[in-house]
A.B. asks: 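Before I ask anything, here is the structure I am working with.
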Amino acid sequence: MDTSRPSTPDAPPQDLWSSILDSVSSTRSIPAKQVLLLGEPSAGKSTIANALLKKQTEDSKEGHKHFALGYDWVDVRDDADEDTIARLSVYTVPSSAQSYLALLPHFLPPRSSLQHSVVVIVLDWTRPWTFIEQLELWFAWVEKWTMGDGSRELEIAREDSRERLLSHLQHYSEPSAEPLPPTSTLGSTVLPLGQGTFTHNTSGVPIVVVCAKADLIDDAAELVGGGTSGMGGMVKGKGSEWEERTDSVMQVLRTICLKYGAALFYTTPQPETLAALRQYTLHLLFVPLSQSSTTHSGGEALVPIRNPFPFTQKPNTLDRDRILVPAGWDSWGKIVVLRDGFDAKAWGEAWERDIENSEDLENRQSQESESGARRLFSALVPDRGPKPTPLPPFNSPTPEQAFLAKHYDENSKKPDRDPRGAFRNPVEGIASTAGIVGPLGSSSFNLPNVERALVEMEGGAVPGSATGADARKGPRRDGTARPTNTLSAAGQSVSPTIPASSRPTGAPSLAPSTSGSGGQSQHEVLHNFFQSLLTSRERGGAASTTSRSPPKEGEDALPGDANGAPSGAG
């Protein structure tokens, strides 16, 4: 008989309590859900964010100063408001600028947040002509964001997310008054998707397109240009044309949303529309996994997880300010029934042409197909937004040399272009040419002031004033008569001959100046006269220095005045 003692049992782990607490905390951990709000400035994102967070609209008005990326969160509780089911985070993008969009992958990496996120694209009903352009922009960015780094883990998450959304679209059932039994499954029969349904959105991220400010669609105010009305002043008030165009816009939006498996909501400041949007967003965040994902590897099916936020509101396509089209309900047939004459297939093909021409976000406007969705939509909804002020025309000044060369011929023909013409003698002919600048270089200049000064210096009368004041003064003190001037036959003044007794010693006589062809010109006479004056003064200065040398010692000075001048000198 074996009397050996049994082996000692395994020792319990030293961190027993830590392992128990970790297991409990993992089962009771609060899941994190994210909502990504995309839209242009002043589109109504703040109002929608406050509705998702259950905050008052007055706490955060639209138009307040945004940061590079808005963020807020709230704990989501169950219907009894007892247990916290999830923590909802809302990320708000201020605009479509690349500097803002580049921050989102750092806060919401698609590898970990793809299966727990819902994208909400906000459009502004006061600017409906921008709907197609903004949808192309945001859908392209969502596709780029979900691609991420292309890792294997991200590809698995994309496939799971797409299968979950596909299963949700296939198993959608319109809410009824009779509640479904709690043990009912998603159903055994799966219907195929209709035409134009879920052809894009390869990642399967849930998308909700929200047209905010829908209460301004039927604004009956008088419109001038781009007013506050939804269609931007396209028509006035309500009417058949007004309803037809707004219904056509809704048909286009439903056709595009159908391609991405997205829902379409119209919201107003009324709490009912915002509460319906919040309920549907939470419903998409807690959509259960697909039927294939709830099966064990051995083939045993699991009980599907019940959505804690069921959506019980019926679709609404009649009230234009309360449109509610959940994902999985719509189809081409239901879109065409709204208004005859709408071709959903043609609009889908036009959208495809625009997507093919837009290679990326940077050059999305470089090419635009003539039969694309943008062109078709611009014909349906003309752009009535404010246009930028045109720039003034570019002022290209003419170079200085080109300007002078242009007017050279014209200015050269003007008679008054030479300022020296003011000094020309009008009596002389035009044939006389101007040589050296100045009175000595040409006979065409007359300086009466110089002549007058010379005559007065010699003691004579001013030319042309024989009957003037000097003539009336009578004879000089020494008994001689005052000289008078005469006029030549040509009308020029002729200086009289000054007597030799009244001229300074060595000064030449001022001969009469004539402008005839046989004699010297007036300026030549003046020139000779000035030269003789300079010569005579040099000689007179030397003679006076010699004659007025001081007397030698012992000699008497000549009788005269105090300066030694002889008495009686005139």
A.B. asks: Kindly indicate, with the supporting measurements, whether the criterion side-chain hydrogen bond (donor to acceptor under 3.5 Å, both in side chains) is fulfilled by D319 and N316.
C.D. replies: CA-CA 7 Å; D319 299 331; N316 185 2; 3.2 Å; yes
A.B. asks: When you measure from the side chain of R158 to the backbone of T146, do you find a donor-acceptor pair of N or O atoms at a distance under 3.5 Å?
C.D. replies: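 Looks like yes, one N/O pair under 3.5 Å.
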A.B. asks: So, the side chain of H171 versus the backbone of S167: is there a donor-acceptor pair under 3.5 Å, distance only?
C.D. replies: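 Side chain of H171 to backbone of S167, a donor-acceptor pair under 3.5 Å: yes, one is there.
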A.B. asks: Between W125 and Y266, what is the ring plane arrangement, given parallel below 30°, perpendicular above 60°, and tilted in between?
C.D. replies: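 Ring orientation of W125 relative to Y266: perpendicular.
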A.B. asks: Looking at L104, is its backbone amide N or carbonyl O close enough to the side chain of W145 to form a donor-acceptor pair, meaning the two atoms are under 3.5 Å apart?
C.D. replies: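 No: the side chain of W145 does not pair with the backbone of L104.
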A.B. asks: Please confirm whether the backbone N or O of L277 pairs with a side-chain atom of T281, one donor and one acceptor, at under 3.5 Å?
C.D. replies: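 Indeed, once roles are kept as given, a pair shorter than 3.5 Å links the two residues.
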A.B. asks: Tell me yes or no: between the side chains of S203 and R162, is some donor less than 3.5 Å from an acceptor?
C.D. replies: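 No, no side-chain donor-acceptor contact under 3.5 Å.
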A.B. asks: Check whether the side chains of E163 and H168 place a donor and an acceptor atom closer than 3.5 Å, and report yes or no.
C.D. replies: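 There is no such pair (donor and acceptor under 3.5 Å, judged by atom type) between the side chains of E163 and H168.
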A.B. asks: Count the heavy atoms of every other residue, nucleotide or ligand shown that sit under 6.0 Å from CD of E349, and state whether that count exceeds 12.
C.D. replies: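 More than 12 heavy atoms, drawn from other residues, nucleotides or ligands, come within 6.0 Å of this atom.
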A.B. asks: If you apply the rule side-chain contact (heavy atoms from CB on, under 4.5 Å), what do you find for V381 with R245, and how did you get there?
C.D. replies: CA-CA 8 Å; V381 184; R245 295 203 180 190; over 6 Å; no
A.B. asks: Which label fits Y280 and F265: parallel for a plane angle under 30°, tilted from 30 to 60°, or perpendicular past 60°?
C.D. replies: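 Geometry flag for F265 against Y280: tilted rings.
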A.B. asks: Please confirm whether the backbone N or O of Q115 pairs with a side-chain atom of R164, one donor and one acceptor, at under 3.5 Å?
C.D. replies: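 Yes, R164 side chain to Q115 backbone: donor-acceptor pair under 3.5 Å.
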A.B. asks: For T130, what residues pass the side-chain hydrogen bond (donor to acceptor under 3.5 Å, both in side chains) criterion, not counting sequence neighbours?
C.D. replies: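 In terms of side-chain hydrogen bond (donor to acceptor under 3.5 Å, both in side chains), with neighbours along the sequence ignored, T130 is linked to Q134.
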A.B. asks: Grab the two heavy atoms, one from L193 and one from L166, that are nearest each other, plus how far apart they are.
C.D. replies: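 Minimum heavy-atom separation between L193 and L166: CD1-CD1, 3.4 Å.
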A.B. asks: Would you confirm whether S117, through its side chain, and V35, through its main-chain N or O, come within 3.5 Å as a donor-acceptor pair?
C.D. replies: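 Such a contact is absent between S117 side chain and V35 backbone.
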A.B. asks: In the structure I gave you, are the side-chain heavy atoms of Q279 and Q313 within less than 4.5 Å of one another anywhere?
C.D. replies: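 They are not in contact (no side-chain heavy atoms under 4.5 Å apart), so the answer is no.
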A.B. asks: For V205, does its backbone N or O pair with a side-chain atom of N201 as donor and acceptor, under 3.5 Å?
C.D. replies: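 A pair under 3.5 Å: yes.
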A.B. asks: Between E40 and R127 (salt bridge meaning N to carboxylate O under 4.0 Å), is one present in this structure?
C.D. replies: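 Salt bridge between E40 and R127, a charged N being under 4.0 Å from a carboxylate O: no.
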A.B. asks: Could you go step by step and tell me if S89 and Y71 meet the side-chain hydrogen bond (donor to acceptor under 3.5 Å, both in side chains) rule?
C.D. replies: CA-CA 7 Å; S89 300; Y71 173 77; 3.3 Å; yes
A.B. asks: Taking the side chain as everything from C-beta on, heavy atoms only, tell me whether W329 gets closer than 4.5 Å to K334.
C.D. replies: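 Yes. Closest side-chain heavy atoms under 4.5 Å.
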A.B. asks: Would you say the side-chain atoms of D321 pair up with the backbone N or O of A214, donor to acceptor, closer than 3.5 Å?
C.D. replies: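 The answer is no, because no donor-acceptor pair under 3.5 Å joins these two groups.
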A.B. asks: Quick check, are the ring centers of Y91 and W73 under 6.0 angstrom apart?
C.D. replies: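 No, the ring centres sit 6.0 Å or more apart.
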A.B. asks: Hey, mind stepping through E143 and T202 against side-chain hydrogen bond (donor to acceptor under 3.5 Å, both in side chains) and telling me if it holds?
C.D. replies: CA-CA 8 Å; E143 188 69 20; T202 58; 2.5 Å; yes
A.B. asks: Who are the side-chain hydrogen bond (donor to acceptor under 3.5 Å, both in side chains) partners of D149, not counting sequence neighbours?
C.D. replies: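 In terms of side-chain hydrogen bond (donor to acceptor under 3.5 Å, both in side chains), with neighbours along the sequence ignored, D149 is linked to R111, S151.
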A.B. asks: I'd like to know if D354 and R375 make a salt bridge, using a cut-off of under 4.0 Å between side-chain N and carboxylate O.
C.D. replies: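 Result for this pair is no, no salt bridge flagged.
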A.B. asks: Which word best sums up how the rings of F311 and H283 line up, parallel for under 30°, tilted for 30 to 60°, or perpendicular for over 60°?
C.D. replies: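 Tilted: the ring planes of F311 and H283 meet at 30° to 60°.
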A.B. asks: If you draw a 6.0 Å radius around OH in Y100, do more than 12 non-hydrogen atoms from other residues or ligands fall strictly inside?
C.D. replies: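 Counting other residues, nucleotides and ligands, OH of Y100 stays at 12 neighbours or fewer.
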A.B. asks: Is it true that H116 and K33 share a donor-acceptor pair across their side chains at a distance under 3.5 Å?
C.D. replies: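 Their side chains do contain a donor-acceptor pair, which is all the 3.5 Å distance test asks for.
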A.B. asks: Relative to W332, does K345 satisfy both conditions: NZ or CZ under 6.0 angstrom from the six-membered ring centre, and within 45 degrees of the ring's axis?
C.D. replies: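 K345 over W332 ring: no.
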A.B. asks: Quick check against the 3.5 Å criterion: does R278 have a side-chain atom that pairs as donor or acceptor with the backbone of L52?
C.D. replies: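 Side chain of R278 to backbone of L52, a donor-acceptor pair under 3.5 Å: yes, one is there.
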A.B. asks: Looking only at atom types and distance, does a side-chain atom of T84 sit under 3.5 Å from a main-chain N or O of A86, one as donor and one as acceptor?
C.D. replies: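 No: the side chain of T84 does not pair with the backbone of A86.
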